There are 2 protein chains.
Amino acid sequence: MQCLNGTVFHNTSATCDHSGVDTSEPRPATRRRRTDAKRNEGALLDAAASVFATSGVDAPVREVAAAAGVGVATLYRHFPTRSDLVVAVYRHQVDACAEAGPALLESAGSPFAAILSWIHLFVDFLGTKHGLARVWEGDPDGFTGLHVLFVERLVPVLTDMLEAARASGEVVAPITAYQLIRAVGDLVAFTPVDPDYDVRKIVTLLVSGLRQPQLEHR
Amino acid sequence: MQCLNGTVFHNTSATCDHSGVDTSEPRPATRRRRTDAKRNEGALLDAAASVFATSGVDAPVREVAAAAGVGVATLYRHFPTRSDLVVAVYRHQVDACAEAGPALLESAGSPFAAILSWIHLFVDFLGTKHGLARVWEGDPDGFTGLHVLFVERLVPVLTDMLEAARASGEVVAPITAYQLIRAVGDLVAFTPVDPDYDVRKIVTLLVSGLRQPQLEHR
DNA sequence: TTGCATAACGGAACCGTGTTCCATATCTTA
DNA sequence: TAAGATATGGAACACGGTTCCGTTATGCAA
């Protein structure tokens with residue numbers, strides 16, 4: 001849970017340890033990783049974090065490469081796809097969000113209250129990144145990198161919270177954690193700059209529905 | 001409410017009267033509209049409906065132009081932007097949806113039931129069009145054509161229904177029609193081909209929330 | 001019916017994306 | 001220090017929306 005400053009999720013600065021995938025040292029029989037490669041990966045992550053923060057996650061890869069002072073090929077060598085770069089940049093923050101779940105379950109007044117808080121933590125995280133929609137959406141095949149990360153890290157956490165809330169009788173709707181988090185993601189993804197539209201309110205509305213038995217439709 | 005066959009919204013065939021904007025005849029002092037222009041507009045709408053139905057709304061403009069047997073410039077002459085073409089294709093169906101509102105308000109058991117049904121009508125409409133997300137999202141300026149159409153035609157209808165449901169005491173959450181329909185649109189827009197994710201269920205959950213007083217968050 | 005001004009057209013060209021290629025430069029290791 | 005694996009830069013490609021412009025077809029008047 002490093003790499004966070006200020007409020008839990010609003011950091012995108014360049015003070016993290018850069019670990020796109022696995023920076024562990026051991027490289028037994030093979031050759032050691034070239035230092036310029038390591039340096040460039042760091043520069044890329046810093047640049048990406050900075051560029052994403054100012055120009056939005058939609059910023060062109062070329063812009064990131066330029067900011068890092070490298071060519072596009074270098075960027076693609078380290079992050080085979082645009083999506084991978086985004087994942088690398090936000091991985092820490094997703095982790096932090098995941099870890100906040102159990103904590104909230106203890107500190108909040110009730111499981112349901114914990115869920116509401118946690119969901120809003122997630123909303124804030126997504127909300128501060130302009131244009132996460134493109135990434136959230138997923139490619140034709142179905143899953144994009146960030147989506148997978150969200151599912152892997154966040155769904156288990158929310159599952160536990162939902163279970164607790166069901167045990168306490170607060171939540172009755174037959175909704176899975178995946179369905180709920182996916183819905184919240186969709187709601188927030190577009191992050192409209194619209195004064196008439198407050199995502200937080202809508203999300204709260206959605207979460208409120210958890211306390212109602214499922215309705216018939218049609 | 002013409003241009004509809006089978007279930008209310010699933011039509012995209014080419015049997016409508018093509019009226020991109022205003023096909024009214026009177027052209028007093030000026031020259032009459034060229035017949036090839038009129039013919040091409042029709043061909044384009046037919047082609048677009050067909051292409052969108054098979055390849056999704058994301059289909060390239062070139063594909064539509066080719067299917068209509070015209071050049072891209074012709075397409076752009078009639079529909080200045082991609083978004084305009086989409087609007088023209090779906091206008092009838094949006095109209096039909098709008099007109100279904102008051103009808104449901106009478107036929108359904110209660111205002112709330114009417115809302116639930118109407119919302120699901122809307123969901124079905126969006127759901128049958130692959131990739132309406134791109135359009136729903138809106139361009140940098142804020143509003144894309146289809147978004148405007150939705151807001152203009154659908155929001156008033158839903159506003160009336162919400163008002164009725166508040167009068168009957170069923171709906172208590174302080175949500176506006178715009179907020180609600182926008183949320184539903186966001187939820188459905190991505191129309192995932194995911195077996196684990198049923199949009200209708202989530203939408204129902206959201207609508208359920210309307211019967212709960214607004215919660216505190218944070 | 002003919003001529004002409006002009007509305008409408010076709011398709012190449014432009015711009016901005018993500019991604020790939022490959023000749024070249026750089027680093028590791030012996 | 002030299003060989004060879006690794007990494008790099010930037011041009012090139014594919015593909016999307018949109019625009020440009022020389023050419024064609026049409027409506028109207030004579």
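Since we're looking at a predicted model, the values are computed, not measured. In what follows, every heavy atom counts, from backbone to side chain, and hydrogens, waters and symmetry copies are set aside. By convention in this document, chain letters (A, B, ...) are assigned in the order of the sequence lines, proteins followed by strands, and residues within each chain are numbered from 1.
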Would you say the side chain of [Y] lies within less than 4.5 Å of the side chain of [X], judging by non-hydrogen atoms?
X	Y	answer
A:Val157	A:Arg153	no
B:Ile202	B:Tyr197	yes
A:Trp118	A:Ile181	yes

**OP:** Please work out which of the three classes, parallel, tilted or perpendicular, describes the rings of B:Phe150 and B:Phe125, given edges at 30° and 60°.
**Re:** perpendicular
OP1 or OP2 of [N] under 4.0 Å from side-chain N/O of [X]:
X	N	value
B:Thr81	D:dT18	yes
A:Asn40	D:dA7	no
B:His78	C:dA8	no
B:Thr74	C:dG10	yes

Salt-bridge contact [X]-[Y] (side-chain N to carboxylate O under 4.0 Å):
X	Y	result
A:Asp186	A:Arg182	yes
B:Glu41	B:Arg33	yes
A:Asp36	A:Arg34	yes

Produce the list of close N/O pairs, under 3.5 Å, pairing protein atoms with atoms of nucleotides 13-15 of chain C; give distances to one decimal.
from: C:dA13; atom 1: N6; to: B:Arg62; atom 2: NH1; distance (Å): 3.3

Original post:
A:Arg77 or B:Pro60: which one's nearest nucleotide on DNA chain D is closer to the 5' end?
Top reply: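 Looking at the nearest nucleotide for each, A:Arg77 comes out on the 5' side.
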Subject >> Summary of protein contacts for nucleotides 21-30 of chain D, nucleotide by nucleotide, where a base hit scores B, a sugar-phosphate-only hit scores S (4.0 Å, heavy atoms) >> reply: ----BBBS--
Rounded off to whole Å, could you give me the [atom1]-to-[atom2] distance for the [X] and [N] pair?
X	N	atom1	atom2	value
B:Asp58	D:dC15	CG	C1'	13 Å
A:Leu75	C:dG18	CG	C1'	11 Å
A:Arg82	C:dT20	CZ	C1'	17 Å

Original post:
The side chain of A:Tyr76 lies closest to which of these nucleotides: C:dG10, C:dT19, C:dC9?
Top reply: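 Among the listed nucleotides, the one closest to the side chain of A:Tyr76 is C:dT19.
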Original post:
With respect to the side chain of A:Val61, which nucleotide from D:dG9, C:dG10, C:dG18 is positioned closest?
Top reply: C:dG18
**OP:** Go through the side-chain N and O atoms of B:Thr204 and B:His120 and say whether any donor and acceptor fall under 3.5 Å apart.
**Re:** yes
Subject >> Spatial distance of atom CG (A:Leu158) from atom CD1 (A:Ile175) [nearest 0.5 Å] >> reply: 11.5 Å
